Amino acid sequence: MLRRAAGAIGQKMPAALDAQITDLAEDADASVVTQLLEPYSSEVALDPLRAVVAQWSAGAIGIAVADLTQLLDRFLAIEEKFVGRANEDEAKRELVKSAPSPDVATETLFAHAKLPRRARVINALIKTVPQLQTKLGGTSDNEFSS
């Protein structure tokens, strides 16, 4: 994850920092990476690395929350194109016309066609939120219902 974020920065990555990150193990401690980033605090291009470190600093639960958020965002990005439409065929035509490429339109339409299966997965993921909240030290919605 760290190397992927570093690779995405491209030529804006300082060479010395790139070498240090390359030498790190993939499971390096967040505090080590934070120390490496300190001299570059004004470098906005390094924000993707800071985001990875923020996920790591919360441990496995932080990573789970970030992954859950990403999956929900992807699900909603597809389904918001169809919500509230009286005519799904019209929504599909508009999607095909407005998509940046035929591949994007096709992927979106295939994903939407599998809505029942995807909705079951999303529902199962949403049911894990109270457990994540509890593990992060927050209150779960279940505690309010009793």
Side-chain angles (χ1 to χ4, degrees), residues 1-85 91-92 94-146:
M1 188 186 306
L2 182 67
R3 290 190 182 122
R4 189 175 335 140
I9 294 170
Q11 294 183 358
K12 293 181 180 179
M13 172 73 91
L17 179 61
D18 191 31
Q20 291 171 316
I21 288 176
T22 301
D23 290 342
L24 285 177
E26 191 60 37
D27 61 347
D29 188 63
S31 62
V32 172
V33 182
T34 300
Q35 288 175 346
L36 291 176
L37 290 171
E38 279 179 16
Y40 306 98
S41 61
S42 62
E43 300 272 345
V44 177
L46 301 180
D47 283 350
L49 288 176
R50 290 185 191 92
V52 170
V53 172
Q55 286 178 5
W56 283 2
S57 64
I61 297 299
I63 293 169
V65 168
D67 288 346
L68 177 61
T69 302
Q70 182 183 28
L71 287 171
L72 291 172
D73 286 343
R74 289 175 59 191
F75 177 82
L76 292 173
I78 289 171
E79 295 311 320
E80 70 185 0
K81 295 171 176 69
F82 300 94
V83 171
R85 297 317 249 336
K92 290 176 181 178
E94 286 180 26
L95 172 72
V96 170
K97 287 180 186 176
S98 66
S101 74
D103 289 342
V104 170
T106 303
E107 290 170 7
T108 302
L109 291 170
F110 278 144
H112 179 67
K114 296 190 183 288
L115 178 59
R117 180 181 297 163
R118 293 172 54 241
R120 285 192 301 272
V121 171
I122 292 299
N123 284 330
L125 290 171
I126 289 172
K127 288 178 183 177
T128 67
V129 170
Q131 296 167 358
L132 292 174
Q133 287 175 317
T134 301
K135 289 180 181 183
L136 287 171
T139 36
S140 73
D141 292 340
N142 292 339
E143 293 170 330
F144 293 117
S145 62
S146 51

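Just so you know, these numbers come straight off a predicted model, no measurement behind them. Values below: all heavy atoms of this structure, side chains included; hydrogens, waters and symmetry mates excluded.
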Working to the nearest 0.5 Å, report the span between CG of Leu17 and OG1 of Thr22. 9.0 Å

How close do Ile126 and Pro130 get, heavy atom to heavy atom, and via which atoms? O-CD, 3.8 Å

Where Lys92 and Phe82 come nearest, the two heavy atoms and their spacing: CG-CE2, 3.8 Å

For a quick test of reading the model, state the closest non-hydrogen atom pair linking Lys81 to Arg85 and the distance between them. O-NH1, 3.7 Å

Please table the atom pairs, donor to acceptor, closer than 3.5 Å between any side-chain atom in residues 105-113 and protein atoms at least two apart or in another chain.
{"unit_1": "Thr106", "atom_1": "OG1", "unit_2": "Pro102", "atom_2": "O", "d": "2.8"}
{"unit_1": "Thr108", "atom_1": "OG1", "unit_2": "Val104", "atom_2": "O", "d": "2.8"}
{"unit_1": "His112", "atom_1": "ND1", "unit_2": "Glu79", "atom_2": "OE1", "d": "2.6"}
{"unit_1": "His112", "atom_1": "ND1", "unit_2": "Glu79", "atom_2": "OE2", "d": "3.3"}
{"unit_1": "His112", "atom_1": "NE2", "unit_2": "Glu88", "atom_2": "OE2", "d": "3.1"}

With rounding to the nearest 0.5 angstrom, report the CZ to NZ distance, Arg120 to Lys114. 11.0 Å

Shortest non-hydrogen contact from Ile122 toward Leu71: CD1-O, 4.3 Å

Separation between CZ of Phe75 and CG of Leu125, rounded to the nearest 0.5 Å: 10.5 Å

Inspect the surroundings of CZ in Arg74 and state if more than 12 heavy atoms from other residues, nucleotides or ligands are less than 6.0 Å away. no

Could you work out, with side-chain contact (heavy atoms from CB on, under 4.5 Å) as the rule, every residue matching Lys97, not counting sequence neighbours? none

About how many Å separate CD1 of Ile21 and CD1 of Ile9, when rounded to the nearest 0.5 Å? 7.0 Å

For Asp18, which residues count as a side chain to side chain donor-acceptor pair (under 3.5 Å) partner, sequence neighbours excluded? none

How many angstroms lie between CG in Leu46 and NZ in Lys12, if you round to the nearest 0.5 Å? 10.5 Å

